[in-house]
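Sequence lines set the chain letters: A, B, ... in the order given, protein chains first and strands last, and positions in each chain run from 1.
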Number of protein chains: 2
Amino acid sequence: MPRSGIPGIVIRRLPLYLRCLTLLAERGEDVVSSGELGAYVGVSPALVRKDLSYFGEFGKQGLGYKVAFLRDSLMGILQTDRDWPVILVGAGPLGHALMHYEPFQRWRYQIVAVFDRDPAKISQPIDDLTVQPMEDMALVIEKRRIMVAILAVPAPHAQNVAEELVACGIRAILNYAPAHLVLPSHVRAAYIAPVISLQGMTYYL
Amino acid sequence: MPRSGIPGIVIRRLPLYLRCLTLLAERGEDVVSSGELGAYVGVSPALVRKDLSYFGEFGKQGLGYKVAFLRDSLMGILQTDRDWPVILVGAGPLGHALMHYEPFQRWRYQIVAVFDRDPAKISQPIDDLTVQPMEDMALVIEKRRIMVAILAVPAPHAQNVAEELVACGIRAILNYAPAHLVLPSHVRAAYIAPVISLQGMTYYL
DNA sequence: GCGTGTGAAACAATTCACAGCG
DNA sequence: CGCTGTGAATTGTTTCACACGC
């Protein structure tokens, strides 16, 4: 159930453009061409233009794109111009590291609650939060209108926990567990899989 | 300079099949069909068969694939049947977390040295390693024949450090820094980008 | 002239559909 | 009969090439 007819692969490139534009804006750049933007992101100029053209006409012929304007436009499209409260499930070593991962804050993804199934972890403090039992999840998600969850539980639990999250109304899951999730089509998943990435490279060595 | 004419996208799915097969083997499963394997990984049965057919004929008609045999075959193809010593560059909070990330060990990627540019971090111990200055990199990479590096430095330094790594002979970089790397074609890069992944999902919410 | 926006063309990836074998 | 392996068909993605406006 895509929000629109725009290919997912185009959507997934938008954040890369946005990251570059944010950098250029910090550097005080005023305009950027599709060629420069593409070089930074690793795609062709034509693809940059095609991608952006799905959402409107942002550029000026002969000039290029106004950095600040395009950045703000992409932030609007991607909805990165607002806070996203997220919950973290899994308070193991990985969960702890994610609590302190600054880029989430920087991009307005705020971890507002941490859950774990292990009784030994429950009630333990992490920063200014306290690990809560999974039973509290439904209430927190509903009360705080959470749509995004970060999953950092052991692989064997990932599918079960994901289903609980879906039942609670979660719409997007960033999954650090080494397991594929089978989810209803209205729920999005993205995977962080360092080992898979390494294995995809060692083939060539 | 791809090692072969096999599409990169096929190579990047192989580790997903391998992960599933490893799980099935642990469960004591003897055979698996392309349909089951595909369901687990999130692709169609036809695609599983097509992917595997690039590398040989692993299945038996009417039966499916022998789990252990296919697992071992994929481990050979991906070269996950041997140790891969890797170096970590960047001893910040993220670097520390990666030192303790068990799946690397599990899949025989061993972090054998840690480097940082910050004098305050150099000589500090992490587990049984000691943070070394970047100047030591070339020697360690050569002596221990390292081909793979994990990059966990701030974004502004990522390109520079990557170039140093390439100059030292590194052939594959797992990049945690939020920056695209421009590298010679004989060097592979893979990106871990949680914020990019989140932004690619919030579009749909 | 330079760089965007965009149909048309080229290329790449996936699915179809079925022959062939256990 | 079930399931693989695989050419052919289909679908999806990227590049080309050029009209248009600054």
Select one nucleotide: of [options], the one nearest the side-chain heavy atoms of [X].
{"X": "Gln61(A)", "options": "dG20(C), dG21(D), dC16(D)", "answer": "dG21(D)"}
{"X": "Leu47(A)", "options": "dC22(D), dT15(D), dT13(D)", "answer": "dT15(D)"}
{"X": "Lys50(A)", "options": "dG20(C), dT15(D), dG5(D)", "answer": "dT15(D)"}
{"X": "Ile9(B)", "options": "dT14(C), dC22(D), dG5(D)", "answer": "dT14(C)"}
{"X": "Arg49(A)", "options": "dT6(C), dA13(C), dT14(D)", "answer": "dT6(C)"}

Inset, instruction - Assign Leu52(B) to base, sugar-phosphate, or nothing according to its heavy-atom contacts below 4.0 angstrom with the strands shown. - result: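 If one applies the 4.0 Å heavy-atom cut-off, Leu52(B) turns out to touch nothing in the nucleic acid.
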Inset, instruction - Would you classify Pro7(A) as touching base, sugar-phosphate or nothing, given that sugar-phosphate means primed atoms plus P, OP1 and OP2, and contacts are heavy atoms under 4.0 Å? - result: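 Counting heavy atoms under 4.0 Å across all strands, the contact made by Pro7(A) is with sugar-phosphate only.
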Does [X] have a side-chain nitrogen or oxygen under 4.0 Å from the phosphate oxygens OP1 or OP2 of [N]?
{"X": "Tyr65(B)", "N": "dG5(D)", "value": "yes"}
{"X": "Ser44(B)", "N": "dT15(C)", "value": "yes"}
{"X": "Arg13(B)", "N": "dT14(C)", "value": "yes"}
{"X": "Ser34(A)", "N": "dT4(C)", "value": "yes"}

Inset, instruction - With DNA chain C as reference, determine whether Ser53(A) or Val43(B) sits nearer its 5' end, using the nearest nucleotide of each. - result: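 The 5'-side residue here is Ser53(A).
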Provide, to the nearest angstrom, the distance between the [atom1] atom belonging to [X] and the [atom2] atom belonging to [N].
{"X": "Asp51(A)", "N": "dT6(C)", "atom1": "CG", "atom2": "P", "answer": "13 Å"}
{"X": "Phe69(B)", "N": "dT4(D)", "atom1": "CZ", "atom2": "C1'", "answer": "14 Å"}
{"X": "Lys66(B)", "N": "dC3(D)", "atom1": "NZ", "atom2": "P", "answer": "15 Å"}
{"X": "Tyr17(B)", "N": "dT4(D)", "atom1": "OH", "atom2": "P", "answer": "12 Å"}
{"X": "Glu36(B)", "N": "dG2(D)", "atom1": "CD", "atom2": "C1'", "answer": "12 Å"}

Inset, instruction - Select from Leu63(A) and Lys60(B) the residue whose nearest nucleotide in DNA chain D is closer to the 5' end of that strand. - result: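 Looking at DNA chain D, the more 5' nearest nucleotide goes with Lys60(B).
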Inset, instruction - Could you walk me through whether Leu47(A) and Arg13(A) pass side chain to side chain contact (heavy atoms under 4.5 Å, CB included), step by step? - result: CA-CA 10 Å; Leu47(A) 189 52; Arg13(A) 273 192 299 263; 3.5 Å; yes
Legend entry - Member of Asp30(B), Leu70(B), Val67(B), Val31(B) meeting the side-chain contact (heavy atoms from CB on, under 4.5 Å) criterion with Leu24(B):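 Result: among Asp30(B), Leu70(B), Val67(B), Val31(B), Val67(B) is the only option passing the side-chain contact (heavy atoms from CB on, under 4.5 Å) with Leu24(B).
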Inset, instruction - Classify the ring geometry between Phe104(B) and Tyr109(B) as parallel (under 30°), tilted (30 to 60°) or perpendicular (over 60°). - result: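 Taking Tyr109(B) first and then Phe104(B), their aromatic rings stand perpendicular (interplane angle over 60°).
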Legend entry - Backbone N/O of Ile196(A) and side chain of Gln199(A): donor-acceptor pair under 3.5 Å: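 Between the backbone of Ile196(A) and the side chain of Gln199(A) there is no qualifying donor-acceptor contact (under 3.5 Å).
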Legend entry - Residue pair Val114(B) / Met99(B): nearest heavy atoms and the distance that separates them: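 Looking at all heavy atoms of both residues, the shortest contact is CG2-SD, 3.6 Å.
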